[in-house]
Colleague: 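Before we start, here is the structure in question, set down as structure tokens.
For this chain, numbers begin at 1 and follow the sequence in order.
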Amino acid sequence: MTKTVQADDTLRKNREQFNNELKMFVNQKLFDKKLISEEMYRTAKEILVKPAS
């Protein structure tokens with residue numbers, strides 16, 4: 001792969017990871033404020049972590 005393709009791929013992966021972490025952070029805050037249940041938080045976390053792995 002060329003350096004540009006590798007850089008774009010790395011950037012895309014970093015963006016995906018950041019978005020997943022941001023969503024998990026928001027979901028954690030909602031859970032802490034008792035706006036979502038523990039089961040809803042756990043399900044959302046599992047869905048978000050699955051593609052990142």
Colleague: Could I get the full list of side-chain contact (heavy atoms from CB on, under 4.5 Å) partners for Thr10, not counting sequence neighbours?
Modeller: Asn14

Colleague: Leu35: what forms a side-chain contact (heavy atoms from CB on, under 4.5 Å) with it, not counting sequence neighbours?
Modeller: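 Partners of Leu35 by the side-chain contact (heavy atoms from CB on, under 4.5 Å) criterion, ordered by chain and then number, come out as Leu30, Lys33.
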
Colleague: Partners of Asp32 by side chain to side chain donor-acceptor pair (under 3.5 Å), sequence neighbours excluded?
Modeller: Gln28

Colleague: Mind checking side chain to side chain donor-acceptor pair (under 3.5 Å) for Arg12 and listing every partner two or more places apart, or none if nothing turns up?
Modeller: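 Testing Arg12 for side chain to side chain donor-acceptor pair (under 3.5 Å), a comparison that skips the adjacent residues, returns Asp9, Glu16.
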
Colleague: Please name the pair of heavy atoms, one in Ile36 and one in Asn27, separated by the smallest distance, quoted to 0.1 Å.
Modeller: CD1-O, 3.5 Å

Colleague: Could you list the residues that satisfy side chain to side chain donor-acceptor pair (under 3.5 Å) with Glu38, not counting sequence neighbours?
Modeller: Arg42

